Amino acid sequence: MSENVVHLFKDPNEPPCAEQSPTVLTVVPDPATEAAPVVPLWVRSGRAIRHAVTHERTKTAARAVARHSMYVVGGGRIVVRRTLDARTPARYERMLRAAEAAGNYEVAAEWEERGQRFRDARHRRRMDLLTSPIDAAKTALVGTGLGMGGLVGLGVALALATKDPVDVITPLAAVIGLISLLVTIVMVVWGPLLTLGPFLALLGLWSVGRRQQAAPAWTLPAHVRDHEGEPITPSIVVKALRDLGVPALRNAIKEMGDAGAAMLGPIRIAGCGVEVDVTLPSGVATNEVQNRRRKLAENLTRHEHEVFITIPQAARTVRLWVADSGALDEPIGPSPLVTDETLTADYTKGKAPWGQDLRGDAAELSLYQRHLLITGLSNQGKTAALRALALWLALDRSVEFWMGDLKGVGDWAMFDGLAARLIQGPTDEHVIQVTEMVEAAVEEMNRRLQAPPGTVFPLLVVIVDEAQMAFMCPVVGDDKRPYGGAKATSRYFMAVRKIHNQGRAVNVLMWQGTQDPTDQNLPKLVREGAHTRASLALGTESQARMALGDKAVDGGAAPNLLRPGLDKGTVVVASDGIDIPAGQASITVRTHYIDTDEATDVAERAKRLRDGVTTLRLVDQGEDRDALDDIATVLGDAARVLTADVLKRLTALDAKTYGDWTPGDLKRVLEAAGAEPYKSDGRMVVGRDRVTRALTNRGDKGSASAAE
């Protein structure tokens with residue numbers, strides 16, 4: 001608040017003198033009545049101008065003016081080009097260059113011949129123009145003479161009929177009067193026509209430009225600029241390619257007489273989208289288009305994940321698959337494993353119903369003698385995709401499963417009673433057990449390899465989920481060999497390599513699921529030993545190459561471009577066990593999601609197909625074992641089991657305690673308990689009833705220690 005000071009003098013017309021003492025009156029304004037500060041006029045004017053310029057109506061009006069102006073310019077350009085095409089051989093030249101660029105030399109020769117015929121016809125027309133004035137003069141003289149003679153003859157006939165000589169010139173006078181009237185009309189109309197002619201010409205050019213939308217995109221109305229989800233047409237595809245930012249491609253399209261349409265194959269409906277092959281002109285490499293996937297998708301008014309670029313067999317050709325807008329965000333139907341309770345599996349001849357490809361066709365995977373690796377970022381559906389294959393295979397009653405789940409949250413719990421071995425847990429102790437399980441599979445493989453030729457073995461599938469924990473395990477065994485790592489001393493690494501090398505020959509397969517692949521948690525020799533390699537969303541292209549291999553990535557496979565969290569369950573597969581379009585190295589599959597409850601139901605159906613499976617679980621190492629109780633555990637529900645199989649199951653239960661047992665040790669324990677083995681069909685077996693009775697009658701005698 002400011003004070004107003006007023007000096008009062010005796011004579012206001014005279015200046016104060018030194019002797020005069022001015023009276024100072026201080027006026028303090030009332031805050032309630034003090035006026036707001038006055039804004040200068042130039043400030044208010046600037047604000048008004050800025051508001052007027054930035055207002056949406058102003059922008060809309062400016063766009064309208066620019067749009068209609070560019071319609072005239074664009075229409076003129078179109079008319080000029082059409083005129084040149086009609087009057088010159090420019091059209092034939094463009095078509096000739098387009099055919100040559102596409103490598104179609106037969107069509108190029110045909111267009112060259114058409115162009116030559118056009119030039120010959122134009123030459124004849126020009127030569128005719130040299131003699132046309134003389135011919136026109138002759139025709140005019142003859143026509144005038146005949147016309148005058150005819151009019152005079154008509155006048156004579158009229159005069160004879162009317163007996164009036166004046167009628168001889170009546171027809172000639174009528175014609176002269178008609179010509180005079182036409183001249184008068186032209187003189188009246190010519191002035192306004194000269195005035196309106198330019199405006200009519202501009203209107204015609206504007207109409208042509210408007211029909212062709214010959215204006216920049218930013219000037220078009222909002223409903224025209226918003227083409228989200230518009231159908232894919234040849235002109236849209238060519239325009240998207242032209243605007244990719246590849247100079248050689250842009251120039252080649254401009255030179256083509258058909259505006260680039262010759263590059264395109266038929267646009268085919270493919271599932272929830274369309275597919276088209278594009279033959280690139282000379283000088284344009286396929287990777288120049290692949291590397292601009294996002295820009296191409298946006299030019300097609302699609303999101304990046306809705307456009308896939310693959311390389312077919314034809315040279316200089318890219319295959320574009322463009323999804324309907326938003327179609328890939330819609331879920332696919334349930335798995336046949338859930339909907340068809342009568343479904344069974346055939347390991348050798350059947351294929352697992354895994355999901356749908358991008359075309360909407362069923363994607364089925366053959367598992368016959370193929371090691372499998374599936375990888376991806378965490379929480380992208382890796383376990384569900386791997387489990388779906390195992391559930392289908394479980395419906396083949398001849399298949400045996402050994403499983404290690406190093407996550408241990410119950411994702412594989414439904415295989416309890418279905419898998420012969422099931423280890424679940426994330427600790428180093430669980431990794432040790434899984435490693436010993438894989439080593440036991442190697443021993444089983446070696447046994448089968450030494451069997452007589454022609455022996456047929458049932459399938460044994462060793463599944464390790466979260467295998468990166470096994471490779472990264474730091475524990476070193478008593479023999480100074482590490483369980484993890486990627487060296488020749490690593491127990492898990494070497495066991496997996498041995499199965500990859502020889503397992504498929506005797507139906508021992510290795511399936512692994514792992515996260516976020518690197519050279520440390522997924523060594524190169526292991527990932528390249530898998531026949532079927534699948535990947536969910538990954539972070540980088542280098543990880544995609546680790547997961548699928550260089551060939552698949554160079555052929556267009558791009559799991560690193562899948563959207564984490566949004567493309568859950570979508571896998572890119574490189575395998576000869578699935579139908580892949582000719583010329584491609586991979587296929588993208590949207591897998592069916594089978595939740596835990598549905599997986600449990602499918603597992604129960606698989607259990608009903610079997611006689612009963614005793615699942616061996618993880619146990620604590622080094623504890624005092626009750627040998628008779630352990631024997632009863634490994635027997636399960638079977639009435640009798642071969643003594644050799646009992647020893648194997650005991651070793652799997654606790655290798656440290658039972659790994660060195662011989663048939664004699666087993667016989668000693670059983671005879672001491674009164675449940676000695678006996679022969680059945682000429683082979684020694686252990687009877688469940690005898691062991692159960694021995695446990696019941698043992699009473700207070702104490703347990704038989706395995707160490708005794």
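What you see is a predicted model; the values in this text were computed from it and never measured. The residues of the chain are indexed from 1 along the displayed sequence.
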Checklist entry - Going through the distances and angles, do T591 and T570 end up as a side-chain contact (heavy atoms from CB on, under 4.5 Å)? => result CA-CA 6 Å; T591 60; T570 299; over 6 Å; no
Checklist entry - Where do D277 and R268 land on the side-chain contact (heavy atoms from CB on, under 4.5 Å) test, with the steps shown first? => result CA-CA 9 Å; D277 286 351; R268 305 175 295 271; 4.0 Å; yes
Item to check | Audit row: K568, N379, side-chain contact (heavy atoms from CB on, under 4.5 Å) steps and yes/no | outcome: CA-CA 8 Å; K568 281 188 176 181; N379 195 32; 3.5 Å; yes
Next on the checklist: Could you walk me through whether L536 and L562 satisfy the side-chain contact (heavy atoms from CB on, under 4.5 Å) test, starting with their C-alpha distance in whole Å, then the side-chain angles of each, then the deciding distance to 0.1 Å, before giving a yes or no?
Outcome noted: CA-CA 8 Å; L536 294 103; L562 294 174; 5.5 Å; no
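To the nearest 0.5 angstrom, D357 atom CG is 9.0 Å from W321 atom CH2. Atoms CD and CD1, from Q356 and I332 in turn, are 4.5 Å apart once rounded to the nearest 0.5 Å. If you take CZ on R242 and NZ on K254, they are separated by 7.5 Å, rounding to the nearest 0.5 Å. Here D576 contributes atom CG and T532 contributes atom OG1; the two are 6.5 Å apart, rounded to the nearest 0.5 Å. Between the OG1 atom in T540 and the CZ atom in R545 there is a gap of 10.5 Å [rounded to 0.5 Å]. In this structure, CG on N560 lies 8.5 Å from OG on S542, to the nearest 0.5 angstrom.
Across I578 and E364, no two heavy atoms sit closer than the pair CG1-O, 3.4 Å. Nearest heavy-atom pair across V573 and W354 is CG2-CZ3, 3.8 Å. In this structure, V572 and A557 approach most closely via the heavy-atom pair CG1-CB, 3.8 Å. The minimum heavy-atom distance between A547 and T375, with the atom names listed, is CB-CG2, 3.3 Å. Between L377 and Q380, the shortest heavy-atom contact is O-CG, 3.3 Å. When all heavy atoms of H592 and G333 are compared, the pair lying nearest together is ND1-O, 2.8 Å.
By the 4.5 Å heavy-atom criterion applied to side chains, Q290 and I311 are counted as neighbours. For the pair M263 and P281, the minimum side-chain heavy-atom distance is below 4.5 Å. Between V238 and I236 the shortest side-chain heavy-atom distance does not fall below 4.5 Å. With contacts defined as side-chain heavy-atom distances shorter than 4.5 Å, the pair L280/T286 qualifies. Using a 4.5 Å cut-off on side-chain heavy atoms (C-beta onward), V289 and L296 make contact. By the 4.5 Å heavy-atom criterion applied to side chains, T317 and V278 are not counted as neighbours. A 4.5 Å side-chain heavy-atom check between R119 and R122 finds at least one atom pair inside the cut-off. Proximity of T233 to K239: side-chain heavy atoms (C-beta onward) are nowhere separated by under 4.5 Å.
Sparse packing is recorded around CD1 of I269, with 12 or fewer heavy atoms of other residues, nucleotides or ligands lying under 6.0 Å away. Heavy atoms from other residues, nucleotides or ligands lying under 6.0 Å from CG of D579 number 12 at most.
Classification of D243 and R250 as a salt-bridged pair fails, no side-chain N sitting under 4.0 Å from a carboxylate O. Between E298 and R302 no salt bridge is recorded (no basic side-chain N to carboxylate O distance below 4.0 Å).
Under the rule for a salt bridge (charged side-chain N to carboxylate O under 4.0 Å, His left out), K551 has no partner lying at least two apart in sequence or in another chain. Residues satisfying the side-chain contact (heavy atoms from CB on, under 4.5 Å) test with V274, not counting sequence neighbours, are I232, I267, V322. For E304, the salt bridge (charged side-chain N to carboxylate O under 4.0 Å, His left out) partners two or more places apart in sequence, or in a different chain, are R294.
For E288 (side chain) and A285 (main-chain N/O), a donor-acceptor pair under 3.5 Å exists by modelled atom type. At distances below 3.5 Å, not a single donor-acceptor pair connects side-chain atoms of S180 with backbone N or O atoms of I176. Although no hydrogens or angles enter the test, the distance criterion places a donor-acceptor pair under 3.5 Å between the side chain of S69 and the main chain of V65. Under a 3.5 Å cut-off, the side chain of N291 and the backbone N or O of N287 do form a donor-acceptor pair.
The cationic group of R293 lies under 6.0 Å from the six-membered ring centre of F308 and within 45° of the ring axis, placing it in a cation-pi geometry.
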